[in-house]
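Keep in mind that the numbers below use all heavy atoms, side chains included, and drop hydrogens, waters and symmetry copies.
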Amino acid sequence: MSTLYPLKFTPALKEKIWGGRKIETILKHDIGSLENCGESWEVSGLVDDESVVANGFLAENNLNELLEIYLTDLVGEKNYEKYGLGFPLLVKFIDAQDNLSVQVHPDDAFAQERYGQNGKTEMWHVIQADEGAGLYVGFNQKITAQQYMDAVEEGHLEDFLKFYPVKPGDTFMIPAGTVHAIGKGVLLAEIQQPSDITFRIYDWNRVDANGNRRELHTEEAFEAIHSEENLKDFQVHYTPEKNKTVSLVKSPFFTTNLLEMDMQVQKSFVNLDSFVIYICLEGNAFLVSDSFKEHLGTGEVVLVPAEIEQMQIIPDGYAKLLEVYCI
């Protein structure tokens with residue numbers, strides 16, 4: 001019988017000037033005195049932002065402490081061999097009440113050479129979107145180096161950005177080197193490599209109270225952009241199917257599936273060799289085995305350790321979950 005159990009963590013809430021209230025109103029988080037809650041970090045092993053366990057006998061221990069103790073029982077043998085004592089994912093909710101800056105993240109090779117860190121490939125799954133809201137991912141046309149530099153300098157880079165109007169359920173895969181920005185009015189789940197290296201390209205010509213613009217990282221960003229790759233279609237096209245595990249993303253960094261359910265689903269992880277993270281986007285469900293019964297409600301996230309071999313997911317009427325693991 002497993003000694004570990006599905007782990008919940010205390011969300012780390014982040015005040016952002018562009019944030020809003022949807023993490024409270026839609027995802028049911030208590031944001032306390034925060035005025036503009038832009039991000040909720042749900043599962044993180046980044047130093048100084050380690051997630052702290054909120055349930056069971058391991059409560060008040062952080063994710064990195066658990067990894068040091070339980071090693072492969074927590075993350076699986078292959079993940080431990082590859083990442084050691086570094087947890088391989090970062091899971092967030094993001095609420096954009098205003099446009100985020102246009103950014104690019106370096107790939108592993110660039111980030112390791114320059115900073116000794118991982119790069120950052122990520123994916124977005126839209127939870128809610130206001131009318132007309134959307135995401136900026138990649139370029140809408142071929143752009144030369146000179147056109148790019150001129151557009152940044154002259155403040156009209158949006159002319160070259162590809163805009164995707166979005167609705168709940170829309171999913172985007174954003175490889176490192178891709179220019180991107182979350183548009184105002186979008187609430188989404190973000191799954192990413194655990195990296196905080198961000199190069200800001202363009203900030204919509206905004207200024208602060210003193211008339212100053214935010215710092216841009218023009219040269220680093222230009223080096224990090226994979227220009228030809230930015231012309232692709234970054235939206236994930238899939239067909240939802242109830243009570244089935246529907247594939248959204250398979251990458252070297254993470255695999256993400258969608259599970260919409262109104263009846264019990266049996267899960268076997270015997271051959272997976274990875275932890276599994278469940279993100280509840282709507283409804284309620286119970287994760288059940290002979291040794292545990294854990295409730296998962298809207299806006300809650302749970303990490304199922306690698307040593308757990310099987311369980312049932314039982315919806316309380318209806319539940320919509322993202323399922324994430326690393327293999």
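The cluster map of Ile, Leu, Val, Met, Phe, Trp and Tyr, joined by side-chain heavy atoms under 4.5 Å apart, puts Ile279 and Met123 in the same cluster. No continuous path of ILVMFWY side-chain contacts below 4.5 Å connects Leu157 to Leu100, so the two sit in separate hydrophobic clusters. One hydrophobic cluster holds both Leu188 and Trp18 under the rule that ILVMFWY side chains link at heavy-atom gaps under 4.5 Å. Leu258 and Phe253 fall within a single hydrophobic cluster, where Ile, Leu, Val, Met, Phe, Trp and Tyr side chains are chained together by heavy-atom contacts under 4.5 Å. When hydrophobic clusters are built by joining Ile, Leu, Val, Met, Phe, Trp and Tyr residues whose side-chain heavy atoms come closer than 4.5 Å, directly or via intermediates, Leu187 is not grouped with Leu90.
A donor-acceptor contact shorter than 3.5 Å links the side chain of Asn79 to the backbone of Val75. Side chain of Tyr202 to backbone of Gly155: a donor-acceptor contact under 3.5 angstrom is found. Without hydrogens or angle criteria, Asn118 side chain to Ser195 main chain gives no donor-acceptor distance under 3.5 Å. Here the side chain of Asp95 pairs no donor or acceptor atom with the backbone of Glu24 at under 3.5 angstrom. With hydrogens and angles disregarded, no donor-acceptor distance shorter than 3.5 Å links the side chain of Asp316 to the backbone of Gly283. In this structure a side-chain-to-backbone donor-acceptor pair under 3.5 Å is missing from Ser268 to Gln310. Remark: side-chain polar atoms of Thr25 are paired, donor with acceptor, to backbone N or O of Arg21 under 3.5 angstrom. With Asp273 contributing its side chain and Glu77 its backbone, the two residues share a donor-acceptor pair below 3.5 Å. Counting only distance, with no hydrogens or angles, the side chain of Arg200 and the backbone of Glu215 share a donor-acceptor pair below 3.5 Å. Formation of a donor-acceptor pair under 3.5 Å by the Thr171 side chain with backbone atoms of Gly169 is found in this model.
Here OG1 of Thr121 is found 13.0 Å from CD1 of Ile191. Values are rounded to the nearest 0.5 Å. Here the NZ-OH distance, from Lys242 to Tyr318, works out to 6.5 Å after rounding to the nearest 0.5 Å. In this structure, CD1 on Ile174 lies 13.5 Å from NZ on Lys232, to the nearest 0.5 angstrom. For the atom pair CG (Leu4) and CD1 (Ile308), the distance works out to 6.5 Å, reported to the nearest 0.5 Å. Between atom CG of residue Leu63 and atom CZ of residue Phe87 there is a gap of 5.0 Å, rounded to the nearest 0.5 Å. Asn64 CG to Ile69 CD1: the interatomic distance, rounded to the nearest 0.5 Å, is 11.0 Å.
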I'd like to know whether Lys293 forms a side chain to side chain contact (heavy atoms under 4.5 Å, CB included) with Val288, so could you lay out the CA-CA distance, the side-chain angles of the two residues, the decisive distance to 0.1 Å, and finally the verdict. CA-CA 4 Å; Lys293 181 178 182 180; Val288 180; 3.8 Å; yes
Please lay out, stage by stage, how Gln193 and Asp108 fare under the test side chain to side chain contact (heavy atoms under 4.5 Å, CB included). CA-CA 10 Å; Gln193 288 180 272; Asp108 282 350; 3.1 Å; yes
Side chain to side chain donor-acceptor pair (under 3.5 Å) between Lys267 and Thr245: does it pass, once the steps are laid out? CA-CA 10 Å; Lys267 282 288 176 180; Thr245 302; 2.7 Å; yes
Give the intermediate values and the outcome of side chain to side chain contact (heavy atoms under 4.5 Å, CB included) for residues Cys326 and Leu89. CA-CA 8 Å; Cys326 295; Leu89 292 181; 3.6 Å; yes
With side chain to side chain donor-acceptor pair (under 3.5 Å) as the test, would you mind laying out the steps for Glu282 and Asn284 before giving the verdict? CA-CA 7 Å; Glu282 291 180 41; Asn284 294 270; over 6 Å; no
Could you check Leu322 against Val91 for side chain to side chain contact (heavy atoms under 4.5 Å, CB included), going step by step and ending with a plain yes or no? CA-CA 11 Å; Leu322 293 180; Val91 176; over 6 Å; no
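The shortest distance between side-chain heavy atoms of Val236 and Thr256 does not fall below 4.5 Å. At least one side-chain heavy atom of Gln264 sits less than 4.5 Å from a side-chain heavy atom of Ile314. At least one side-chain heavy atom of Ile127 sits less than 4.5 Å from a side-chain heavy atom of Leu27. A heavy-atom distance below 4.5 Å is found between the side chains of Leu46 and Trp41.
When the shell of 6.0 Å around CG of Asn271 is examined, it contains 12 or fewer heavy atoms from other residues, nucleotides or ligands. Annotation for Glu153: atom CD does not count as buried by contact number, only 12 or fewer foreign heavy atoms lying within 6.0 Å. When the shell of 6.0 Å around CD of Glu113 is examined, it contains 12 or fewer heavy atoms from other residues, nucleotides or ligands. Open room surrounds CD on Glu131; 12 or fewer heavy atoms of other groups in view lie less than 6.0 Å from it. Other residues, nucleotides and ligands contribute at most 12 non-hydrogen atoms within 6.0 Å of the CD atom of Glu35. With a 6.0 Å radius and a threshold of 12 heavy atoms from other residues, nucleotides or ligands, Glu60 has its CD atom at or below the threshold. Counting heavy atoms of neighbouring residues, nucleotides and ligands inside a 6.0 Å radius, atom CD1 of Ile17 does not exceed 12 of them.
The pair Asp49-Lys14 meets the salt-bridge criterion, since a charged nitrogen lies less than 4.0 angstrom from a carboxylate oxygen. With salt bridges taken as basic N to acidic carboxylate O contacts below 4.0 Å, none links Arg213 and Asp203. Looking at Arg114 and Glu223, a side-chain N of the basic residue comes within less than 4.0 Å of a carboxylate O on the acidic one, giving a salt bridge.
Ring-plane geometry between Trp124 and His180 is classed as perpendicular, the angle between the planes exceeding 60 degrees on a 0 to 90 degree scale with a lower cut at 30. Classified by interplanar angle (parallel below 30°, tilted 30° to 60°, perpendicular above 60°), the ring pair Phe110/Phe199 is perpendicular. Classification of the His29-Phe93 ring pair by plane angle, with boundaries at 30° and 60°, yields perpendicular. Ring geometry for Phe139 against Tyr148 counts as perpendicular: the plane angle is over 60°, on a 0 to 90° scale with 30° as the lower cut. In this pair, Phe172 and Tyr164 present their aromatic rings perpendicular. The plane angle is above 60°, beyond the 30 to 60° band.
In plain terms, the two heavy atoms of Pro11 and Glu42 that are nearest each other are CB-OE2, 3.7 Å. Here the closest heavy-atom approach between residue Lys142 and residue Leu231 is recorded as CG-CD1, 3.6 Å. Closest approach of Gln128 to Pro168, counting heavy atoms only: CA-CG, 4.1 Å. When all heavy atoms are compared, the tightest approach of Phe254 to Gln192 is CE2-CA, 4.1 Å. The heavy-atom pair separating Ala111 from Pro106 by the smallest distance is CB-CG, 4.0 Å. Contact between Phe234 and Glu229 at its shortest, heavy atoms only, is CZ-O, 3.2 Å.
Partner Asp130 forms a side chain to side chain donor-acceptor pair (under 3.5 Å) with one of Gln97, Lys184, Lys22 and no other, that one being Lys22. Shown are Ile277, Val276, Val324; of these, the side chain to side chain contact (heavy atoms under 4.5 Å, CB included) with Leu303 is made only by Ile277. Evaluated for a ring-ring contact (aromatic ring centres under 6.0 Å, His included) with Tyr5, the options Tyr70, Phe57, Phe292 yield exactly one hit, Phe57.
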